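In this text, all values refer to a predicted model and were calculated from it rather than measured experimentally. Chain letters run A, B, ... following the sequence lines, proteins first, then strands; residues in each count from 1.
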Amino acid sequence: DDAADWNLAAPAEFAKALLANRLRLAATAASPSSRVGHVTPSCLGGAAGSAISVLGNTKFACGVSASVVELSAAGTAAAAAGCHPLLAAGVVLNADLPPVCSRAFRPGPPSDLAQALTVQMSDALAQSGCLDAAQLTVGPRHRLQLHVDAVCLSADGSLPDACLLAVSAALANLCLPRLVVPADAGHDDSNSGPSVRSTAAADVGVRRCPSGEQFRPAVLRPGSAVICTSFVAIDNDQLLSVPDGREEALPGAAIVRVFTAGGGDLAVRVVSVQMVGEAASELVGRCCREAVERHAACLAGPLAR
Amino acid sequence: RNSQLPISDHVMPLDRYRNTALVDGIDVRALPLAGDSPAPASQGKQQQQQQQHWFQRRLVQDTVGSGYVEFGDTKVLCSVHGPMEPKRSVLTDAGAEQSRAQLQVYYKLAPFASHQAGRVSYLPDETERRAASFLQDTLAPSLRLDRLPKSRIELHCLVLEDAGCCLATAVNCACLALVDAGLEMYDLVTAATVCRPVGATDWQLEVGDGSNSGGSSSVTLAYMRSLRQVAGMLVEAAEPLQPREVSAACRICEDPCKMTHSSLRQFLLDCLPADDRTAKIA
């Protein structure tokens with residue numbers, strides 16, 4: 001009770017006192033495996049690809065829905081001009097923070113935090129180099145369009161970490177019905193994506209394979225993922241990885257978020273670093289090194305295929 | 001950034017705060033089969049007459065109470081916020097407004113929840129508003145709202161997967177979340193749904209594996225077992241039903257409601273510390 005009162009009255013001093021004794025209250029501080037998180041893939045039957053990620057007390061559910069769009073050359077150029085590269089590639093990503101996950105979020109339009117999270121996720125995926133948009137091609141005139149929806153189930157800090165973990169796992173577990181496209185005259189089938197078989201059907205338009213066969217488009221390059229690792233820097237001295245909500249809200253602390261991408265044939269690299277507050281460059285460098293190590297641990301652990 | 005997206009002829013952006021597709025597409029599940037083949041026979045699971053509920057509580061960190069229920073493949077998450085400052089309304093009597101707590105229920109399907117209808121929009125539609133209204137009317141009589149004057153309680157319900165019997169599962173989950181929040185209740189409220197497919201004459205108990213959902217008529221009954229009272233009933237039918245048909249549906253719903261009540265009660269007793277398990281829930 002005394003500790004709870006102290007935490008309520010002076011949270012910064014309470015956190016420093018804990019850190020001085022090498023203690024943390026965050027659920028992610030218990031063990032390295034808890035800092036990596038846990039992923040349950042293909043758990044939601046309504047989506048073509050799905051995953052639920054658990055990182056401490058933060059939980060995200062991600063579902064991927066696929067639709068077929070017919071493209072015209074003029075429409076493609078006009079639509080792609082000036083829009084986000086992820087949208088142009090055919091991936092529509094939204095992160096939602098509904099009121100069910102926390103008292104801080106109200107019903108209605110998405111909050112500023114939700115919109116910022118969506119932009120962070122979109123930028124990280126677009127800049128990662130792990131997306132293979134060619135896998136979404138369906139014949140010469142059609143393309144798959146993916147709707148990636150990440151919904152927060154419980155919010156307790158490190159939201160981008162848990163969100164990207166779920167998104168990477170959902171994209172890696174994408175499973176679609178095999179599609180059939182009628183052959184056009186003079187069309188060269190050798191350039192078709194692996195998801196297409198041409199037939200000589202008289203009607204045009206994409207159809208599902210009658211045998212119920214399914215295929216898994218490698219939208220994310222095999223073995224790769226996009227990961228975010230959050231850090232809280234206190235007094236330019238101490239670094240807390242994967243902080244919870246209370247640690248992120250500590251007054252005077254700087255939040256550093258490192259986005260890493262790679263895996264499989266791609267080398268793991270730092271895609272971007274976002275900072276709220278001020279932190280020394282040495283500390284940021286240390287964050288990047290630890291983020292790369294955590295990326296490898298995630299690929300070997302919850303995202304292992 | 002979102003407001004700078006070009007508006008093409010194919011897209012009517014109704015949601016300006018989220019990313020929307022450049023071109024509207026057709027869901028891959030809705031595509032016809034090649035070669036004019038008839039749809040293959042459903043390869044879903046055999047209808048399980050004795051499907052069990054799976055309960056879990058305290059999943060959400062920053063709430064007063066939360067509950068999670070799985071019934072077959074249907075998954076629902078609920079959380080409770082409050083008691084908080086009540087909403088002021090000039091239309092209600094000030095005395096009545098302050099003597100009891102206000103219960104406000106929000107119900108939403110996740111975009112990837114539906115097995116049949118394709119992707120669900122982020123904007124609430126008429127079905128979700130009707131479900132929220134049913135939940136509010138069903139749960140309010142079971143709560144001791146007079147014990148929390150001048151306050152408001154919010155119940156948020158999120159459906160992660162809708163494979164049938166969704167509304168009844170939401171009622172069960174909401175009841176679990178309210179109990180987890182420590183709110184006084186007269187009794188546990190449990191629900192079940194029966195449906196009647198097109199052309200059929202008998203009611204079938206709706207299960208959570210998608211095998212018999214989406215019929216022409218359905219009746220959802222919410223029941224308080226200890227008080228032997230019906231807390232709520234929702235009838236959805238394409239054509240008017242006879243009173244005896246509705247009575248028959250309610251009688252079929254009664255037993256599953258009682259079984260769910262027993263399961264939920266046992267789960268809550270198991271959650272208690274060992275020393276407190278001798279105190280029985282009324």
Paired with Val100(A), the side-chain contact (heavy atoms from CB on, under 4.5 Å) test is passed by just one of Glu154(B), His156(B), Lys108(B), namely His156(B)
Roughly how far, to the nearest 0.5 Å, is the [atom2] atom of [Y] from the [atom1] atom of [X]?
| X | Y | atom1 | atom2 | answer |
| --- | --- | --- | --- | --- |
| Leu77(B) | Lys59(A) | CG | NZ | 9.5 Å |
| Ser67(A) | Ile26(B) | OG | CD1 | 8.5 Å |
| Arg207(A) | Leu31(B) | CZ | CG | 8.0 Å |
| Cys101(A) | Leu59(B) | SG | CG | 13.0 Å |
| Leu160(B) | Ile52(A) | CG | CD1 | 6.0 Å |

Heavy-atom distance under 4.5 Å to chain A: side chain of Tyr122(B), backbone, both or neither?
side chain
Considering non-hydrogen atoms only, spot the tightest contact between [X] and [Y] and give its length.
| X | Y | value |
| --- | --- | --- |
| Lys75(B) | Leu44(A) | CD-CD2, 3.9 Å |
| Pro110(A) | Tyr17(B) | CG-CB, 3.4 Å |
| Leu153(A) | Leu158(B) | CD2-CD2, 3.9 Å |
| Pro99(A) | Ser79(B) | O-OG, 4.2 Å |
| His115(B) | Gly45(A) | NE2-C, 3.6 Å |
| Ser102(A) | His81(B) | O-CE1, 3.5 Å |

Would you mind reporting whether Asp244(A) and Gln61(B) have side-chain heavy atoms less than 4.5 Å apart?
no
Any side-chain heavy atom of Asp62(B) sitting closer than 4.5 Å to one from Asn57(A)?
no
Can you check whether Thr118(A)'s main-chain N or O pairs, donor with acceptor, with Arg18(B)'s side chain at less than 3.5 Å?
no
Asn19(B) side chain to Leu93(A) main-chain N or O, any donor-acceptor pair under 3.5 Å?
yes
Output the option from Pro111(B), Pro32(B), Ala177(B) having the highest count of non-hydrogen pairs under 4.5 Å with chain A.
Pro32(B)
Let's test your reading of the structure: which of Asp149(A), Asp96(A), Val68(A), Val69(A) forms the most heavy-atom pairs below 4.5 Å with chain B?
Asp149(A)
Heavy-atom distances under 4.5 Å only: say whether Ser122(A) touches chain B with side chain, backbone, both or neither.
side chain
